[in-house]
Amino acid sequence: MNSEKLQNLILAAIERKKISQRELAKLTGISRSTLNDIVNGKIKKIKLDDLYQISIPLELNLEDLLDACGFNNVLKTLSRDRYEGMSTRELKEKLDEYQQSELSLLDWDAKKRKTCSSARDKLFKITNKIEMSERTNEKYTKKEISEDIEEVFNELESVQQKYDYSKLPEKL
């Protein structure tokens with residue numbers, strides 16, 4: 001994030017509008033301390049909604065704010081002809097949609113990892129149970145082994161499923 005560039009954009013707009021940061025905080029609904037931290041570069045990951053809220057009363061181009069915050073990769077993902085002419089609100093909604101799809105993909109990946117970890121634990125327990133039954137006279141029948149392994153296979157079935165790409169934003 002180029003905090004100096006963001007700071008310059010916001011401070012110039014505040015000066016041009018002849019309002020204080022306190023007034024801007026009231027207009028945006030962002031706390032004064034958060035707004036101050038944004039302007040002074042203390043917040044490294046600024047919420048898209050905060051940028052949107054700042055852009056409205058200051059009449060700033062959301063694209064410029066996004067660029068100053070390092071969201072260039074998001075802007076590049078949206079081809080120029082697709083977002084050219086979009087209002088600030090539409091662009092913010094599109095970026096929110098993109099952010100939600102990223103979170104969805106990360107959540108899907110985390111669930112797959114958790115399922116795989118659980119399956120590995122179960123297979124480890126099955127292996128130990130087999131070894132223990134060989135050393136002791138405890139019975140662990142082939143039928144029980146088969147049922148336990150089948151349970152792991154069923155659990156792993158969800159891991160095979162592909163990501164539902166329909167969850168991605170339409171215009172990416």
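If you read the sequence from its start, that first residue is 1, and numbering goes on from there.
- Counting heavy atoms from C-beta on, the side chains of L27 and I19 come closer than 4.5 Å.
- Residues E23 and S20 have side chains that bring a donor and an acceptor to within less than 3.5 angstrom of each other.
- Grouping Ile, Leu, Val, Met, Phe, Trp and Tyr by side-chain contacts under 4.5 Å, direct or through others, leaves L106 on its own.
- Using modelled atom types, no side-chain atom of E134 and backbone atom of E131 make a donor-acceptor pair closer than 3.5 Å.
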M132 vs E138, test: side-chain contact (heavy atoms from CB on, under 4.5 Å). Steps then yes/no.
CA-CA 8 Å; M132 289 297 289; E138 241 180 77; 6.0 Å; no
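- Here CD of E151 is found 8.0 Å from CG of N154. Values are rounded to the nearest 0.5 Å.
- Between K125 and D121 no salt bridge is recorded (no basic side-chain N to carboxylate O distance below 4.0 Å).
- Atom-to-atom distance recorded for I14:CD1 and L9:CG is 11.0 Å, nearest 0.5 angstrom.
- Between E147 and K143, the closest side-chain pair of non-hydrogen atoms falls below 4.5 Å.
- In this structure, the side chains of R32 and Q21 stay at 4.5 Å or more apart for every pair of heavy atoms.
- Summarising the geometry, atom NZ belonging to K142 is positioned 13.0 Å from atom CD belonging to E144; distances are rounded to the nearest 0.5 Å.
- Open room surrounds NZ on K47; 12 or fewer heavy atoms of other groups in view lie less than 6.0 Å from it.
- Shortest non-hydrogen contact noted between Q53 and I30 is CB-CD1, 4.2 Å.
- Heavy atoms only, all atoms of each residue included: L51 and L65 are closest at O-CD1, 3.6 Å.
- In this structure, S118 contributes its side chain and K114 its backbone to no donor-acceptor pair below 3.5 Å.
- With a 4.5 Å cut-off on side-chain heavy atoms, T28 and D50 do not count as touching.
- To the nearest 0.5 Å, atoms CZ (R120) and OG1 (T127) are separated by 11.0 Å.
- Checking side-chain atoms of D107 against main-chain N and O of L103 turns up no donor-acceptor pair under 3.5 Å.
- The hydrophobic cluster containing V159 also includes L123, I126, I130, Y140, I145, I149, V152, F153, L156, under a criterion of side-chain heavy atoms closer than 4.5 Å among ILVMFWY residues, counted directly or through chains of members.
- Between R16 and E59 there is no salt bridge, since no side-chain nitrogen of the basic residue lies less than 4.0 Å from a carboxylate oxygen of the acidic one.
- Contact between I46 and I38 at its shortest, heavy atoms only, is CD1-CG2, 3.7 Å.
- E4 CD to L11 CG: the interatomic distance, rounded to the nearest 0.5 Å, is 11.0 Å.
- Here the closest non-hydrogen pair linking S31 and A25 is C-CB, 4.3 Å.
- In this structure, N40 contributes its side chain and K42 its backbone to no donor-acceptor pair below 3.5 Å.
- In the model, T115 has no side-chain atom that pairs as donor or acceptor with a side-chain atom of E155 under 3.5 Å.
- Annotation for Q161 and K112: closest pair O-NZ, 4.0 Å, computed over non-hydrogen atoms.
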Apply the test side-chain contact (heavy atoms from CB on, under 4.5 Å) to residues L48 and Q99: give CA-CA distance (whole Å), side-chain angles for both, the deciding distance (0.1 Å), then the verdict.
CA-CA 9 Å; L48 291 174; Q99 196 170 39; 3.4 Å; yes
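- To the nearest 0.5 angstrom, L66 atom CG is 8.0 Å from E63 atom CD.
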